[in-house]
Amino acid sequence: WSKAQIWMQIDNEPVITPVFKTARTTLVVTKFPGNSDWIKRLRKGKKLKVNVGKRVPNFDLAGIDEALGALFACAAKYNA
């Protein structure tokens, strides 16, 4: 896997630069600990900026808290 040069920012919080690995030409992956402060900020944020080189798209985070809550509940149910 090759490493991708990507940084992310939630609202006006500090920029983070986790190590992303390229899984496919259109998919990168990274890991965060379950108790990560960044995940908590993501759930409360309004906008996510992702710098992928020459472009810095913004993503609206409305509804992400509910979506992550459902995902975590599902994972807990089936990984118990």
Side-chain angles (χ1 to χ4, degrees):
W1 288 19
S2 61
K3 294 179 181 174
Q5 297 292 324
I6 298 172
W7 63 257
M8 300 185 302
Q9 182 179 29
I10 300 168
D11 301 327
N12 291 318
E13 296 285 333
V15 170
I16 66 161
T17 55
V19 175
F20 284 89
K21 292 184 178 181
T22 306
R24 287 186 234 139
T25 55
T26 58
L27 176 67
V28 294
V29 295
T30 193
K31 291 182 181 181
F32 290 98
N35 62 349
S36 169
D37 181 55
W38 196 83
I39 296 296
K40 293 173 188 172
R41 288 187 280 142
L42 179 66
R43 294 180 77 162
K44 303 297 180 208
K46 294 184 182 357
K47 292 283 183 190
L48 171 66
K49 296 178 192 173
V50 181
N51 182 313
V52 291
K54 295 180 181 180
R55 297 182 46 161
V56 184
N58 290 297
F59 299 94
D60 185 7
L61 294 176
I64 194 77
D65 186 37
E66 293 82 9
L68 286 174
L71 177 64
F72 294 153
C74 181
K77 178 179 177 181
Y78 291 100
N79 288 322

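- For Trp7, there are no ring pair (Phe, Tyr, Trp, His ring centres under 6.0 Å) partners at least two apart in sequence or on another chain.
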Tell me, with the steps shown, if Val56 and Val50 meet side chain to side chain contact (heavy atoms under 4.5 Å, CB included). CA-CA 5 Å; Val56 184; Val50 181; over 6 Å; no
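- Every residue meeting the side-chain contact (heavy atoms from CB on, under 4.5 Å) condition with Pro14, not counting sequence neighbours, appears here in chain and number order: Arg41.
- For Lys47, the NZ atom counts as densely surrounded, since its 6.0 Å shell holds more than 12 non-hydrogen atoms of other residues, nucleotides or ligands.
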Can you give the donor-acceptor pairs under 3.5 Å from side chains of residues 29-36 to other protein atoms, not counting sequence neighbours?
residue	atom	partner	partner atom	Å
Thr30	OG1	Val19	O	2.7
Ser36	OG	Trp38	N	3.1

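- Considering CG of Asp11 and CG of Leu42, their distance stands at 10.0 Å, rounded to 0.5 Å.
- Considering every non-hydrogen atom in both Ile10 and Gly45, the closest pair reads CG2-CA, 3.8 Å.
- Sorted by first then second residue, the ring pair (Phe, Tyr, Trp, His ring centres under 6.0 Å) pairs that include residues 46-75, not counting sequence neighbours, number zero.
- Sequence neighbours left out, not one pair with a member in residues 49-60 passes salt bridge (Lys or Arg N to Asp or Glu O under 4.0 Å).
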Residues Thr17, Ile6; criterion side chain to side chain contact (heavy atoms under 4.5 Å, CB included); working and verdict: CA-CA 6 Å; Thr17 55; Ile6 298 172; over 6 Å; no
Show which side-chain atoms of residues 61-69 pair as donor or acceptor with protein atoms under 3.5 Å away, not counting sequence neighbours.
residue	atom	partner	partner atom	Å
Asp65	OD1	Arg43	NE	2.6
Asp65	OD1	Arg43	NH2	3.1

Met8 vs Val15, side chain to side chain contact (heavy atoms under 4.5 Å, CB included): CA-CA, chis, key distance, verdict: CA-CA 6 Å; Met8 300 185 302; Val15 170; over 6 Å; no
